Each structure stands twice: as structure tokens, then as C-alpha cells.
K.L.:
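First, the structure itself, so that you have it in front of you.
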Amino acid sequence: GHKLIRINLSEHSELSDFLGSDLPANQSDSNQSSQFKWCDGAFLKAMKEGHWVLLDELNLAPQSVLEGLNSCFDHRGEVYLPEISQSVHCAPSFRVFCAQNPVAGGGGRKGLPQSFLTRFSRVFIEA
């Protein structure tokens, strides 16, 4: 089987939550100046390791997050990380599944751009 990583989205989600960021490095000497090191986010780790990802509440995500992840879903199959000047390719077994509640459900949900939706096969489930 495949390891499944669930990532819950909200209107407060940021691309760095998915891909990673520079975080303070562990320091053995408290007199050293502050140093930072890159730490992969959950989505980027899954991408590299070929895990499956469930993006839950997709239609709550800000447009900037959707745009930042878009290159993972198209023919490029990669994401560029300007903070560390690297491109990371999706592992062959990497898969992304998304779930969302209907826009009519309120709570800040919005319709997703058609250009984004075409990257997925859609399944509707009546409750």
C-alpha cells in the first residue's frame, strides 16, 4: 500500500505550509548568531517520497496556494522553490486526491477555477 498524508486547508493556509520554509536551526552554542535551515513541508515530503496526499477542504484554500501547487499537477510535475533555488520533481508513485464540500455550504467556500479543475477527475457524492 501507499502512505496517505491528509492536509486540511483553510482560508489561512499558506504555500509555505505545504512546501516548507526556513526555520531556526538547532544551536549547540547559545552565543552563536541565529542560523536558519530549510525544512520541507508535508506536501513536499510526500512529493519526494512518492506518498499519496489528500488535500481536504480544497475550496477553502487561498488562490495563491492553488497557483503555487498547480505546476505539480500539470505536465511539469514539479515545483520550483525559489528560497533554495531548486526544482523538485514528483516521484512516480506520488498522487493527489482532493475533497471539498459544496460552495453552497458557505463558510468561505468558493468555486475553483476551471483551469485548476481540469487537472483532476471529478467524482460527486450525494449525501
Side-chain angles (χ1 to χ4, degrees):
H2 293 276
K3 184 174 182 180
L4 178 67
I5 308 297
R6 180 182 170 269
I7 301 174
N8 199 58
L9 291 98
S10 76
E11 63 274 7
H12 303 294
S13 297
E14 296 181 8
L15 194 55
S16 62
D17 298 334
F18 298 86
L19 300 181
S21 61
D22 286 315
L23 297 176
N26 290 336
Q27 306 214 357
S28 57
D29 182 6
S30 61
N31 293 331
Q32 285 183 326
S33 62
S34 294
Q35 293 187 8
F36 292 83
K37 78 175 210 177
W38 177 261
C39 292
D40 291 347
F43 186 89
L44 187 64
K45 284 181 192 173
M47 228 178 95
K48 288 178 172 181
E49 296 171 11
H51 300 313
W52 291 6
V53 174
L54 170 62
L55 297 177
D56 201 6
E57 300 286 0
L58 185 66
N59 58 346
L60 289 177
Q63 186 66 29
S64 60
V65 170
L66 301 178
E67 289 172 5
L69 297 177
N70 201 28
S71 64
C72 300
F73 306 136
D74 67 15
H75 66 281
R76 294 171 282 185
E78 68 179 22
V79 65
Y80 179 69
L81 305 168
E83 299 87 349
I84 57 174
S85 301
Q86 283 186 358
S87 287
V88 177
H89 295 274
C90 299
S93 61
F94 176 69
R95 299 288 183 272
V96 177
F97 302 88
C98 302
Q100 66 181 34
N101 289 307
V103 175
R109 289 174 178 82
K110 52 201 162 299
L112 298 172
Q114 190 63 31
S115 59
F116 189 78
L117 291 173
T118 59
R119 310 249 186 252
F120 299 94
S121 297
R122 291 183 267 175
V123 177
F124 297 91
I125 300 173
E126 295 290 327

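Predicted model, so just to flag it, every value in this text is computed and none were measured. Residue indices begin at 1 and follow the sequence shown.
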K.L.:
Taking N59 for the side chain and N101 for the main chain, is one N or O donor matched with an acceptor at less than 3.5 Å?
P.N.:
yes
K.L.:
Search all heavy atoms of P62 against all heavy atoms of E11 and return the closest pair with its distance.
P.N.:
CG-O, 3.5 Å
K.L.:
Could you tell me which non-hydrogen atom of F36 sits nearest to which non-hydrogen atom of P24, and how far apart they are?
P.N.:
CD2-N, 3.4 Å
K.L.:
Once you round to the nearest 0.5 Å, how far does CG of L60 lie from CZ of R109?
P.N.:
5.0 Å
K.L.:
Tell me whether I5 is reachable from L19 by hopping between hydrophobic residues (I, L, V, M, F, W, Y) whose side-chain heavy atoms are closer than 4.5 Å.
P.N.:
yes
K.L.:
Going from OG on S115 to CD on E67, what distance comes out if it is rounded to the nearest 0.5 angstrom?
P.N.:
8.5 Å
K.L.:
Test D40 against V88 for side chain to side chain contact (heavy atoms under 4.5 Å, CB included), laying out the working first.
P.N.:
CA-CA 11 Å; D40 291 347; V88 177; over 6 Å; no
K.L.:
Check whether R95 reaches the backbone of P92 with its side chain - one donor and one acceptor, N or O, closer than 3.5 Å.
P.N.:
yes
K.L.:
Tell me whether the count of non-hydrogen atoms from other residues, nucleotides or ligands lying under 6.0 Å of NZ in K110 goes above 12.
P.N.:
yes
K.L.:
With a 4.5 Å cut-off on side-chain heavy-atom distances among I, L, V, M, F, W and Y, is there a chain of contacts connecting L9 to L117?
P.N.:
yes
K.L.:
Restricting to non-hydrogen atoms, name the atom on R122 and the atom on Q114 that form the minimum distance, rounded to 0.1 Å.
P.N.:
NH2-NE2, 3.5 Å
K.L.:
Between atom CZ of R119 and atom CG of N70, what is the distance when rounded to the nearest 0.5 Å?
P.N.:
4.5 Å
K.L.:
List the steps, then state whether side chain to side chain contact (heavy atoms under 4.5 Å, CB included) holds for S21 with L23.
P.N.:
CA-CA 6 Å; S21 61; L23 297 176; 3.7 Å; yes
K.L.:
Between L66 and P113, what is the shortest heavy-atom contact and its length?
P.N.:
CD1-CD, 4.5 Å
K.L.:
For the pair F97 and W52, name the ring-plane relationship: parallel under 30°, tilted 30 to 60°, perpendicular over 60°.
P.N.:
tilted
K.L.:
My understanding is that only one of K48, M47, E78 makes a side-chain contact (heavy atoms from CB on, under 4.5 Å) with C90; could you say which?
P.N.:
M47
K.L.:
If Ile, Leu, Val, Met, Phe, Trp and Tyr residues are connected whenever their side-chain heavy atoms lie under 4.5 Å apart, and connections chain through other members, are L55 and F120 in the same group?
P.N.:
yes
K.L.:
Atom CD in E49, atom CZ in F94: separation rounded to 0.5 Å?
P.N.:
11.0 Å
K.L.:
To the nearest 0.5 Å, how far apart are CG in N8 and CG in D17?
P.N.:
11.5 Å
K.L.:
Measure the spacing between CG of L112 and CD of Q63 and express it to the nearest 0.5 Å.
P.N.:
8.5 Å
K.L.:
For a side-chain contact (heavy atoms from CB on, under 4.5 Å) with F18, tell me which candidate from V53, L44, I7 qualifies.
P.N.:
I7
K.L.:
Take V79 and F43, measure what side chain to side chain contact (heavy atoms under 4.5 Å, CB included) needs, and give me the verdict at the end.
P.N.:
CA-CA 11 Å; V79 65; F43 186 89; over 6 Å; no
